[in-house]
Amino acid sequence: HVLLNFAYYKMSSSDSGHRKGPSAKDNPNYDLCEFLMELSAYERNVTRNTFKSNAYRSAASSLAAYPTRVTGAKEASSIKGIGKRISEKIEEFLSTGKLKKLEKIRTDDTSTALTELTRVSGVGPAKARQLYDAGITNIMELKKRTELLTHHQLIGLKYVEDFEKKIPRAEVQTIERAIRGSLSNMKQQYNMTVCGSYRRGSERSGDVDVLLTYDNVEVERKTVKLEESSSSLTKETNAKNEVAKKRKDISDGSSDEENHNKDNINTKKNRKLKADQKYTTSSPSGSSSDNKSYATNESSSPSANKESASKTNHRAMLQSVVHQLQKDNIVTDQLSLGDTKFMGVCRVPPEECYRRLDIRLLAPEHYYCGILYFTGSDLFNKDMRTQALAAGFTLNEYNIRPMGSTGVPGEPLHVNSELEVFDYIGMKYKQPSERNM
DNA sequence: ACGACAACGCATTGCC
DNA sequence: GGCAATGCGA
DNA sequence: GTCGT
């Protein structure tokens with residue numbers, strides 16, 4: 001049962017025991033939600049029917065939000081996401097206390113094995129099947145066959161127990177402080193917000209989801225640099241002006257509810273242009289005297305435009321951040337690392353558990369749509385996107401754009417706070433804690 | 001009866 | 001080597 | 001499996 005809860009939480013990344021997060025233990029249909037989630041896991045891991053799996057999960061989610069105990073099939077099928085087949089199953093469960101289909105699944109060796117193997121992060125339905133075909137039926141056996149695993153899966157195996165444990169709110173705060181402390185020692189300063197269910201006020205989180213953005217002055221400086229070293233100036237000049245404009249927008253930005261902007265101080269040190277700065281695209285060169293070893297690639301092709309330049313910068317910046325966190329013994333392992341997203345593992349002693357940590361690096365103009373999106377909840381986002389469409393906008397994790405009459409999205413609107421997004425689409429602002437849907 | 005069910009970043013594998 | 005497809009996660 | 005067309 002622990003296992004199934006895990007699968008559920010893993011999918012919903014929501015909290016529990018607070019507000020009305022799906023399947024809080026006090027919900028009157030808790031047992032029904034549980035068996036639906038078990039069926040969801042079965043469809044995912046065994047039959048590999050994602051849509052059925054999602055349908056069961058969606059049904060469980062609706063049921064979790066239902067205020068009273070369901071008493072029969074008729075009542076059940078009135079709930080969104082619950083149709084004929086599921087209401088029949090609910091009926092069976094209510095009258096007999098069990099489900100024949102589920103009893104069978106529980107005793108099925110293949111099903112049991114696949115579900116167990118997918119406890120390992122990085123092992124999905126396909127890999128689990130592959131391992132099972134190789135004769136591996138549980139985690140103990142898997143530990144003897146590590147040559148079959150990718151790097152991600154090895155880390156997942158190493159911490160399989162820890163990753164199933166929820167993170168108490170106080171510990172998320174500890175981790176947050178540790179990261180802030182570590183990053184404050186870098187020359188490049190970052191704006192940071194911890195999102196996910198934590199930001200919605202949850203007492204327990206599945207992982208720590210950090211969003212970072214950088215101050216535009218840095219981008220501007222580099223753009224200038226590119227401009228100087230470039231033979232074709234037009235594009236770069238435009239890019240510079242555009243960035244400068246946005247920079248102004250942000251510094252002018254009225255107060256937002258979290259004061260993000262304010263704790264991101266631009267010290268003179270930051271502004272100082274190191275003429276002799278060594279830019280490298282590779283090794284962050286380790287030396288503690290040069291934390292700011294992310295780089296522009298000066299030797300990049302002369303036609304380098306804004307996009308390619310910022311891409312290069314992002315990659316180096318995120319690498320630099322991760323490097324710093326490793327140096328300070330916060331990040332212990334890495335699952336993946338790219339231009340915009342790091343996924344890995346952290347631990348802040350004296351805590352013994354290793355925790356999943358995600359870091360996303362966003363361009364400043366994407367920051368507020370980013371924290372909105374990554375704060376969730378999933379259902380809240382879905383609802384908000386729908387309302388956005390109704391109001392003539394399209395909203396995603398990067399920006400909000402007006403929908404032209406042709407159906408072609410227009411240019412992204414400037415956004416300097418979460419509130420502004422709500423305003424655009426005529427929605428009353430909701431505190432993060434009010435977004436648990 | 002029948003298609004949609006979100007879209008995407010990163011790692012790995014498959015293919016040329 | 002390069003690019004597409006696949007798996008996985010969230 | 002459910003929903004909308």
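Lettering follows sequence order; numbering is per chain, from 1. These numbers come from the heavy atoms of this one structure, side chains and all, not from hydrogens, waters or symmetry mates.
A cation-pi contact, defined as under 6.0 Å to the ring centre and within 45° of the axis, links A:Arg360 to A:Phe374. Both tests do not hold together for A:Arg401 against A:Phe393: distance to the six-membered ring centre under 6.0 Å, angle to the ring axis within 45°.
One atom, NE2 of A:His366, and another, C1' of B:dC8, lie 14 Å apart when rounded to the nearest Å. Atom pair A:Asp358:CG and C:dG9:P shows a separation of 12 Å (rounding to whole Å applied). Straight-line distance from the CG atom of A:Asn49 to the P atom of D:dT2: 12 Å, rounded to whole Å. Between the C1' atom of B:dA6 and the CZ atom of A:Phe380 lies a distance of 17 Å, rounded to the nearest Å. We find that CD1 of A:Ile79 is positioned 11 Å from P of D:dC3, with the value rounded to whole Å. In this structure, NZ of A:Lys127 is placed 10 Å from C1' of C:dG7, rounded to the nearest angstrom. When rounded to the nearest whole Å, the span between CG of A:Asp333 and P of C:dG9 equals 17 Å. Atom P of nucleotide C:dG9 and atom CZ of A:Phe374 are separated by 17 Å, given to the nearest angstrom.
With values rounded to the nearest 0.5 angstrom, A:Ile425 atom CD1 is found 5.5 Å from A:Ile400 atom CD1.
For A:Glu352, the CD atom is loosely surrounded, since the number of other residues' heavy atoms within 6.0 Å does not exceed 12.
The A:Tyr398 side chain lies nearest to B:dG9 when the options are B:dA11, D:dG1, B:dG9. When the nucleotides B:dC10, D:dG1, C:dG9 are ranked by their closest atom to the side chain of A:Tyr56, D:dG1 comes out on top. Of the listed nucleotides (C:dA10, B:dC8, C:dG7), C:dG7 has the atom at the smallest distance from the side chain of A:Ala126.
Evaluated for a side chain to side chain contact (heavy atoms under 4.5 Å, CB included) with A:Ile90, the options A:Leu99, A:Val70, A:Asn29, A:Thr71 yield exactly one hit, A:Val70. Exactly one of A:Ser58, A:Ser53, A:Ser61 qualifies for a side-chain hydrogen bond (donor to acceptor under 3.5 Å, both in side chains) with A:Ser40. That residue is A:Ser53.
Dashed line: the shortest gap from a side-chain N or O of A:Lys341 to OP1 or OP2 of C:dA10 is not under 4.0 Å. For the pair A:Arg44 and C:dG9, the criterion of a side-chain N or O lying under 4.0 Å from OP1 or OP2 is met. Checking the phosphate oxygens (OP1, OP2) of C:dA10, no side-chain nitrogen or oxygen of A:Arg360 falls inside 4.0 Å.
For the contact set between residues 128-153 of chain A and DNA chain B, defined by any heavy atom under 4.0 Å, the members are A:Thr150, A:His151.
Taking atom C1' in both B:dA7 and C:dC8, one finds a spacing of 14 Å when rounded to whole Å. B:dA6 sits 14 Å from D:dG4 when the P atoms are compared, rounded to a whole Å.
A:Leu39 comes within contact range of no nucleotide atom at all, as no heavy-atom separation falls under 4.0 Å. Contacts of A:Lys84 with the nucleic acid, taken as non-hydrogen atoms under 4.0 Å apart, involve only primed sugar atoms and P, OP1 or OP2.
A residue-by-residue look at A:Thr340 and A:Phe51 shows that A:Phe51 has its nearest nucleotide of DNA chain B further toward the 5' end. Toward the 5' end of DNA chain B, the nearer of the two residues A:Gln334 and A:Arg385, judged by each one's closest nucleotide, is A:Arg385.
In this structure, A:Phe422 has its ring center under 6.0 Å from that of A:Tyr429.
You'll find the side chain of A:Tyr424 reaches within 4.5 Å of the side chain of A:Leu413, heavy atoms only.
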